[in-house]
Novice: 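Handing you this structure, nothing more for now.
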Amino acid sequence: MSLIKQVIDNSDEELRYPTPGELRVIRDFCKSGSDRIQIARNLQAKATDIVERGTRQFWKICPRTPSNSGDRRKTATAKRDMSWYIRLISYCLLAGNDQPLREIGLTGMKELYTNLGIPLTNIVQYLNCLKAEAMKQLDQADADEVIPYFDELIQEIALPGPPYFMNDGPGESIPV
């Protein structure tokens with residue numbers, strides 16, 4: 001949800017016009033639009049390098065991982081997933097908030113990795129390598145805008161979630 005939609009929804013829910021403070025927030029959001037678009041372009045332009053170099057760095061830290069097993073499909077899948085996270089971060093930059101990450105990017109990802117047998121610590125480490133590479137390749141101002149979204153993503157994947165329940169048929173489910 002964009003900031004503008006959020007202000008409109010809040011105002012409408014309370015049956016009022018946006019407050020002067022909310023209008024200032026919208027004005028500032030619109031003023032920063034070209035900057036946010038430029039940062040998203042910069043991130044997009046460097047995304048391939050960030051993923052390639054971040055992957056090599058990840059393999060130095062975690063050499064025994066499916067993406068480094070010699071299976072080209074697994075390597076391509078891992079790089080595709082990491083590129084997807086960078087794209088999500090660009091969506092957040094454009095939206096001016098973390099809603100795209102929350103609505104598109106994080107739902108079910110921990111469960112997916114767990115079901116595929118991929119340790120979440122590997123994903124967190126991989127994302128940390130991408131973050132470090134993004135910091136190297138973006139100028140400081142762009143990195144300052146991008147890094148909080150990496151941090152949020154990393155933190156969300158690293159945090160323990162609700163217990164995963166296994167359905168073994170009739171009776172109570174057992175937390176795994």
Novice: Roughly how far apart are Leu3 CG and Cys30 SG, rounded to 0.5 Å?
Specialist: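 Interatomic distance, Leu3 CG to Cys30 SG, rounded to 0.5 Å: 9.0 Å.
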Novice: Do you see a donor-acceptor pair shorter than 3.5 Å between the side chains of Asp144 and Gln140?
Specialist: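 Note: Asp144 and Gln140 side chains meet the donor-acceptor criterion.
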Novice: Would you call Glu145 and Arg36 a salt bridge, using N to O less than 4.0 angstrom?
Specialist: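 Judged by the 4.0 Å cut-off on N to carboxylate O distance, Glu145 and Arg36 do not form a salt bridge.
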Novice: Looking at every heavy atom in both Leu127 and Ile157, which two are closest together, and how far apart are they?
Specialist: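 Scanning both residues completely, I find the closest heavy atoms to be CD1-CD1, 3.8 Å.
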Novice: When you check the gap from the basic side-chain N to the acidic O, do Glu52 and Lys79 get nearer than 4.0 Å?
Specialist: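 Counted as a salt bridge, because a side-chain N and a carboxylate O are separated by less than 4.0 Å.
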Novice: For the side chain of Ser69 and the backbone of Thr65, is there at least one donor-acceptor N/O pair under 3.5 Å apart?
Specialist: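 Such a contact is absent between Ser69 side chain and Thr65 backbone.
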Novice: Strictly distance-based, threshold 3.5 Å: is any side-chain N or O of Ser32 a donor or acceptor partner for the main-chain N or O of Asp35?
Specialist: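 Absent.
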Novice: For the hydrophobic clusters of this structure (ILVMFWY residues joined by side-chain heavy atoms under 4.5 Å, transitively), does one cluster hold both Ile104 and Ile123?
Specialist: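 Ile104 clusters together with Ile123.
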Novice: According to the ring-ring contact (aromatic ring centres under 6.0 Å, His included) rule, which pairs have a member within residues 89-147, sequence neighbours left out?
Specialist: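 Applying ring-ring contact (aromatic ring centres under 6.0 Å, His included) to every pair that reaches into residues 89-147, excluding sequence neighbours, yields Phe58-Tyr126.
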Novice: If you compare all heavy atoms of Asn68 against all heavy atoms of Pro63, which two are closest, and at what distance to 0.1 Å?
Specialist: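 Here Asn68 and Pro63 meet closest at ND2-O, 2.9 Å.
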Novice: Would you say Arg16 has more than 12 foreign heavy atoms packed within less than 6.0 Å of its CZ?
Specialist: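 It does: Arg16 CZ has more than 12 such atoms within range.
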Novice: Just verifying a value: how many Å separate Arg56 CZ and Ile61 CD1, rounded to the nearest 0.5 Å?
Specialist: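 Atom-to-atom, Arg56:CZ and Ile61:CD1 are 13.5 Å apart.
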Novice: Do Asn10 and Glu14 pair up side chain to side chain, a donor and an acceptor below 3.5 Å, judged on atom types alone?
Specialist: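 No, because no side-chain N or O of Asn10 sits under 3.5 Å from a partner of the opposite role on Glu14.
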Novice: Could you tell me which non-hydrogen atom of Tyr149 sits nearest to which non-hydrogen atom of Gly96, and how far apart they are?
Specialist: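 That closest heavy-atom pairing would be OH-C, 3.8 Å.
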Novice: With the threshold set at 4.0 Å, does a side-chain nitrogen-carboxylate oxygen contact exist between Arg102 and Glu156?
Specialist: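 Looking at Glu156 together with Arg102, the answer is yes, because their closest N to O distance falls below 4.0 Å.
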Novice: Consider only side-chain heavy atoms of I, L, V, M, F, W and Y, link residues closer than 4.5 Å, and tell whether Leu23 and Phe29 are in one cluster.
Specialist: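 Cluster IDs for Leu23 and Phe29 differ.
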Novice: Going from CG on Leu116 to OG1 on Thr77, what distance comes out if it is rounded to the nearest 0.5 angstrom?
Specialist: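 Result: 9.5 Å between the selected atoms.
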Novice: Kindly work out whether a path of hydrophobic side-chain contacts (I/L/V/M/F/W/Y, heavy atoms less than 4.5 Å apart) joins Leu159 to Tyr85.
Specialist: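 Looking at the clustering, Tyr85 is in a separate group from Leu159.
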Novice: I'd like to know if Leu94 and Val146 are part of one continuous hydrophobic network [Ile/Leu/Val/Met/Phe/Trp/Tyr, side-chain heavy atoms within less than 4.5 Å].
Specialist: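 No.
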Novice: What heavy-atom pair brings Pro18 and Val7 nearest, and what distance separates the two atoms?
Specialist: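 Taking Pro18 first and Val7 second, the nearest heavy atoms are CB-CG1, 4.0 Å.
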Novice: Does any pair with a residue in residues 127-147 pass ring-ring contact (aromatic ring centres under 6.0 Å, His included), and if so which ones, sequence neighbours excluded?
Specialist: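 Qualifying pairs, neighbours excluded: none.
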Novice: Atom CD of Gln44 and atom CD1 of Ile50: how far apart are they, to the nearest 0.5 Å?
Specialist: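 Answer for the CD-CD1 pair, Gln44 versus Ile50, is 11.5 Å.
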Novice: Starting at CZ of Arg53, measure out to NZ of Lys46 and round the result to the nearest 0.5 Å.
Specialist: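 Those atoms lie 10.0 Å apart.
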Novice: Under 4.5 Å between side-chain heavy atoms, hopping through other hydrophobics if needed: is there a path connecting Leu120 to Trp84?
Specialist: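 Result: yes, single cluster for both.
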